[in-house]
Amino acid sequence: MRSSILRLHYTLFEEYGDLGWWPADGPFEVAVGAILTQNTSWNNVETAIESLKSEGALCPSRIAAMNMTELESLVRPSGFFRQKARYLKQLASHIEREYSGDITAMSSLPMERVRAELLSLRGVGPETADTIMLYALRMPSFVVDAYTVRLLRRLGICDGDSHASIKAAFEEALDRDIAKLANAHAMIVDHCKSVCRPTPRCVLCPLREMCSEAEKQEERVSD
DNA sequence: ACCCAGGCGTTCT
DNA sequence: AGAACGCATGGG
């Protein structure tokens, strides 16, 4: 899988270059965005983040102290607003209580410890935890999302492989380099949003070569 | 009038 | 362990 990942990374980088993810003002805003974007388009998340900002509410202390109804109304545009308000509240309280409101304090702890701690919070699953680690704490933890799995399957790079093994393969192939891991996920998401749709149009796709090779391989198998 | 979006938790088989 | 379902808004 290693050489396929390297080729994918190289080809995507040739097309997209450095995308400079995650778009946010600071580490805590990254974490908030990671929760708000769960199964939700980024456009809706931006609206919610803007409304939080306009209230000066984008910090752990303010969110931890805010009343639930107000928080719900601020994050409403991002959908699932009752759950997400609860999740943000819990995250903010945790950061406030354990790290005096400074989320970056977590980055000096071992990765496994940080991941387990994030996963223990309601509303923080594998993808959200890895997103916070990679883009807020700048730790080399690759983010495997639905896009990644769909793309890798289509390219025949993975088949039934678990998220965990895909994650590990990227981290090894990209040498645990934070900038590379961060940009790799960004390129995959960006690519899948615009080009590699559920029903693909491969004519101008930078990955069309890899894609057609995978299709040929598929035909051989089904013979 | 659909369909989908940068998931997660709960509740089943 | 893995599938099915609810959660909710806004844009194509």
Side-chain angles (χ1 to χ4, degrees), chain A residues 8-9 12 16 18-25 27-52 54 68-94 115-139 141-154 158-167 170 178 180-201 207:
Chain A
L8 172 65
H9 179 249
L12 286 174
Y16 299 106
D18 192 343
L19 295 173
W21 268 30
W22 184 289
D25 268 354
F28 184 69
E29 187 177 321
V30 173
V32 169
I35 286 178
L36 293 183
T37 198
Q38 288 168 4
N39 202 42
T40 300
S41 60
W42 183 250
N43 211 19
N44 291 8
V45 176
E46 279 185 320
T47 312
I49 286 185
E50 279 314 307
S51 65
L52 285 168
S54 71
M68 270 312 273
T69 316
E70 185 186 357
L71 186 55
E72 284 177 359
S73 75
L74 291 175
V75 301
R76 181 167 208 137
S78 74
F80 307 128
F81 60 91
R82 292 186 192 87
Q83 327 185 34
K84 284 176 180 175
R86 272 208 314 275
Y87 298 161
L88 290 183
K89 190 91 173 164
Q90 196 199 345
L91 173 71
S93 308
H94 184 84
R115 193 162 195 272
E117 191 170 321
L118 289 171
L119 287 175
S120 76
L121 300 172
R122 295 289 228 187
V124 179
E127 184 182 335
T128 308
D130 292 330
T131 300
I132 293 173
M133 289 176 73
L134 184 57
Y135 295 105
L137 305 177
R138 307 310 290 188
M139 297 172 112
S141 184
F142 187 70
V143 181
V144 177
D145 60 2
Y147 284 151
T148 311
V149 174
R150 189 176 81 202
L151 183 62
L152 263 55
R153 290 210 173 164
R154 188 166 292 168
C158 77
D159 189 13
D161 306 70
S162 67
H163 283 222
S165 67
I166 295 173
K167 171 176 161 61
F170 267 89
I178 293 161
K180 284 184 193 166
L181 291 168
N183 199 47
H185 174 67
M187 292 191 296
I188 289 171
V189 172
D190 225 37
H191 176 75
C192 288
K193 280 209 281 205
S194 57
V195 182
C196 195
R197 311 295 304 160
T199 1
R201 298 163 178 268
L207 301 177

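Protein chains get the first letters and strands the later ones, always in sequence-line order, with residue 1 at the start of each. FYI, side chains are in, hydrogens and waters are out, and symmetry mates aren't considered; it's all heavy atoms of this structure.
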Peer 1: Can you check the Leu88(A) CG to dA8(C) P distance for me, whole Å?
Peer 2: 13 Å

Peer 1: Checking Ser78(A) against Asn44(A): is there a side-chain donor and acceptor pair closer than 3.5 Å?
Peer 2: no

Peer 1: Does Arg82(A) place a side-chain N or O at less than 4.0 Å from the phosphate oxygens OP1/OP2 of dA8(C)?
Peer 2: yes

Peer 1: Between dC8(B) atom C1' and Gln90(A) atom CD, what is the distance in whole Å?
Peer 2: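 After rounding, the gap between these two atoms is 13 Å.
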
Peer 1: With distance as the sole criterion, is a donor-acceptor pair present between the side chains of Glu117(A) and His94(A) under 3.5 Å?
Peer 2: yes

Peer 1: Expressed in angstrom and rounded to an integer, what is the separation of Asn39(A) atom CG from dC8(B) atom P?
Peer 2: 10 Å

Peer 1: Looking at every strand, decide which applies to Phe80(A) at a 4.0 Å heavy-atom threshold: base, sugar-phosphate, or nothing.
Peer 2: base

Peer 1: Measure CG/Leu119(A) against C1'/dG9(B) and give the value in whole Å, please.
Peer 2: 13 Å

Peer 1: Looking only at the side chains, is there a donor atom on one of Lys167(A) and Ser162(A) sitting less than 3.5 Å from an acceptor on the other?
Peer 2: no

Peer 1: Using a heavy-atom cut-off of 4.0 Å across all strands, would you classify Glu127(A) as base, sugar-phosphate, or nothing?
Peer 2: sugar-phosphate

Peer 1: Using whole Å, what does the distance between atom C1' of nucleotide dG7(B) and atom CD1 of Ile132(A) come to?
Peer 2: 12 Å

Peer 1: Could you state the atom-to-atom distance from CD of Glu46(A) to P of dA5(B) in whole Å?
Peer 2: 18 Å

Peer 1: Rounding to a whole Å, what distance do you find between Gln83(A):CD and dC8(B):P?
Peer 2: 12 Å

Peer 1: From dC8(B), dG10(C), dG9(B), pick the nucleotide closest to the side chain of Thr128(A)?
Peer 2: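 Side chain of Thr128(A) sits closest to dC8(B).
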
Peer 1: Report the distance from atom CG of Asp145(A) to atom P of dC8(B), rounded to the nearest whole Å.
Peer 2: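 Computing the Asp145(A):CG to dC8(B):P distance gives 10 Å.
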
Peer 1: If you look at every strand shown and take non-hydrogen atoms under 4.0 Å, does Val124(A) touch a base, only sugar-phosphate, or nothing?
Peer 2: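 Sugar-phosphate, no base atom in range.
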
Peer 1: Quick check: any donor-acceptor pair below 3.5 Å linking the side-chain of Gln38(A) to the base of dC8(B)?
Peer 2: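 Looking at the base of dC8(B), it does not pair with any donor or acceptor on the side chain of Gln38(A) (distance under 3.5 Å).
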
Peer 1: Please determine, for the side chain of Arg150(A), which listed nucleotide (dG9(B), dA8(C), dA5(B)) has the closest atom?
Peer 2: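 Ranking dG9(B), dA8(C), dA5(B) by closest atom to the Arg150(A) side chain puts dA5(B) first.
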
Peer 1: Specify the residue among Tyr87(A) and Tyr147(A) whose closest nucleotide of DNA chain B lies further upstream toward the 5′ end.
Peer 2: Tyr147(A)

Peer 1: Looking across every strand, which nucleic acid part, if any, lies under 4.0 Å from Leu36(A) by heavy atom: base, sugar-phosphate, or nothing?
Peer 2: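 No contact at all - Leu36(A) keeps every heavy atom at 4.0 Å or more from the nucleic acid.
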
Peer 1: Specify whether Phe142(A) and His185(A) have parallel, tilted or perpendicular ring planes, treating 30° as the upper limit for parallel and 60° as the lower limit for perpendicular.
Peer 2: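 Geometry flag for His185(A) against Phe142(A): perpendicular rings.
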
Peer 1: Please give the distance between the P atoms of dA8(C) and dA1(B) as a whole number of Å.
Peer 2: 23 Å

Peer 1: Heavy atoms only, 4.0 Å cut-off, all strands: where does Asn43(A) land among base, sugar-phosphate and nothing?
Peer 2: sugar-phosphate

Peer 1: When rounded to the nearest 0.5 angstrom, what distance separates CG in Leu118(A) from CD1 in Ile132(A)?
Peer 2: 5.0 Å

Peer 1: Using a heavy-atom cut-off of 4.0 Å across all strands, would you classify Lys193(A) as base, sugar-phosphate, or nothing?
Peer 2: base

